[in-house]
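This report concerns only the one structure given below.
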Amino acid sequence: MHEHEANASLSAVERWSLVALWWGTAGVSWLGWGGISHGLVRQPGWVPEAWVSALVAGGIALDLAMGLWLALRPGAWACRAGVAVVLVFSALATAMVPQLWLHPLGPLLKNLPILALLWRGSRWNLLEVGS
């Protein structure tokens, strides 16, 4: 499959919405340095303090990189990487603050439609995966 064929699986609005999501998340974490993101990482009490800023900075870097990848080289592999990142971030957030699943604004529940969009962009066929 050629890169341009994979691009056709996401519309421009869908792709740029994902770019805005990744970059917006990075920007909010950067602008609020020491705030909510650090508080969420500290919340479970088992993350060493020395790791808190490094984990937040790593998350910001990964968000920026994913947005850049989708902006400059959109396609199936960028969406596949996005699926992996969302799954890892969701698993980490669940381990650290499981009550986020019950939050009325749905910070983790929102990952489900994001995953669906990225999955479609990945061009994976559910019937072929795992066969």
Side-chain angles (χ1 to χ4, degrees):
M1 176 183 312
H2 297 289
E3 186 73 18
H4 70 277
E5 293 175 54
N7 293 346
S9 63
L10 288 180
S11 72
V13 169
E14 292 167 332
R15 177 170 64 106
W16 288 105
S17 294
L18 289 168
V19 171
L21 171 77
W22 291 109
W23 286 348
T25 303
V28 167
S29 293
W30 178 259
L31 292 172
W33 187 261
I36 293 172
S37 296
H38 282 72
L40 288 172
V41 175
R42 284 186 182 104
Q43 191 168 340
W46 48 262
V47 176
E49 186 60 33
W51 292 14
V52 172
S53 288
L55 289 172
V56 173
I60 291 170
L62 195 48
D63 286 341
L64 288 171
M66 282 305 310
L68 190 62
W69 192 354
L70 283 166
L72 299 179
R73 302 278 299 164
W77 283 106
C79 288
R80 290 171 184 165
V83 166
V85 169
V86 171
L87 289 174
V88 169
F89 277 10
S90 297
L92 289 171
T94 298
M96 289 185 207
V97 192
Q99 59 270 35
L100 288 177
W101 284 101
L102 302 176
H103 192 285
L105 296 179
L108 288 179
L109 285 174
K110 289 175 185 169
N111 286 347
L112 298 176
I114 293 166
L115 280 169
L117 185 59
L118 288 166
W119 186 270
R120 188 164 63 78
S122 75
R123 311 276 293 186
W124 277 326
N125 181 335
L126 285 174
L127 300 176
E128 293 173 6
V129 173
S131 333

Quiz item: Hey, quick one: are Leu70 and Val13 part of the same hydrophobic cluster, counting side-chain heavy atoms closer than 4.5 Å, chains of contacts allowed?
Solution: no
Quiz prompt | Leu118 side chain reached by Val85 side chain, heavy atoms, under 4.5 Å | solution = no
Quiz prompt | Considering all heavy atoms, the nearest Ser53-His38 contact | solution = OG-NE2, 3.1 Å
Quiz item: Can you pull the salt bridge (Lys or Arg N to Asp or Glu O under 4.0 Å) pairs that have at least one residue in residues 10-32, sequence neighbours excluded?
Solution: Glu14-Arg120
Self-check item: Side chains of Val56 and Trp33 in contact at under 4.5 Å (non-hydrogen atoms)
Solution: yes
Quiz prompt | From CG (Leu64) to OG1 (Thr25), nearest 0.5 Å | solution = 10.0 Å
Table please: side-chain donor-acceptor pairs of residues 90-109 below 3.5 Å, with sequence neighbours left out.
residue: Ser90; atom: OG; partner: Val86; partner atom: O; Å: 2.7
residue: Ser90; atom: OG; partner: Asn111; partner atom: ND2; Å: 2.7
residue: Thr94; atom: OG1; partner: Ser90; partner atom: O; Å: 2.7
residue: Thr94; atom: OG1; partner: Trp101; partner atom: NE1; Å: 2.7
residue: His103; atom: ND1; partner: Leu105; partner atom: N; Å: 3.0

Quiz item: Linking I/L/V/M/F/W/Y whenever their side-chain heavy atoms sit closer than 4.5 Å, directly or via other members, would Trp30 and Trp23 fall into one cluster?
Solution: yes
Exercise. Provide the closest heavy-atom pair for Ser29 versus Ser37 in the form atom of the first, atom of the second, distance.
Key: OG-OG, 3.1 Å
Exercise. Consider only side-chain heavy atoms of I, L, V, M, F, W and Y, link residues closer than 4.5 Å, and tell whether Leu18 and Val28 are in one cluster.
Key: no
Quiz item: What do you reckon, is CD1 of Ile36 surrounded by more than 12 foreign heavy atoms closer than 6.0 Å?
Solution: no
Self-check item: Side chain proximity check, Pro74 to Leu10, heavy atoms < 4.5 angstrom
Solution: no
Practice problem: Answer yes or no on whether Arg80 is positioned over the face of Trp77, meaning its NZ or CZ is under 6.0 Å from the six-membered ring centre and within 45° of the axis. | Solution: yes
Quiz prompt | Connected via hydrophobic side-chain network under 4.5 Å: Leu87 and Leu117 | solution = yes
Quiz item: In the single-linkage hydrophobic clustering (I, L, V, M, F, W, Y; side-chain heavy atoms under 4.5 Å), do Leu72 and Leu62 co-cluster?
Solution: yes
Exercise. Identify the two heavy atoms, one from Gly59 and one from Phe89, that lie closest to each other, and give their separation to 0.1 Å.
Key: CA-CZ, 4.0 Å
Quiz item: Looking only at heavy atoms, what is the nearest atom pair of Arg123 and Ala76, with distance?
Solution: CG-CB, 4.1 Å
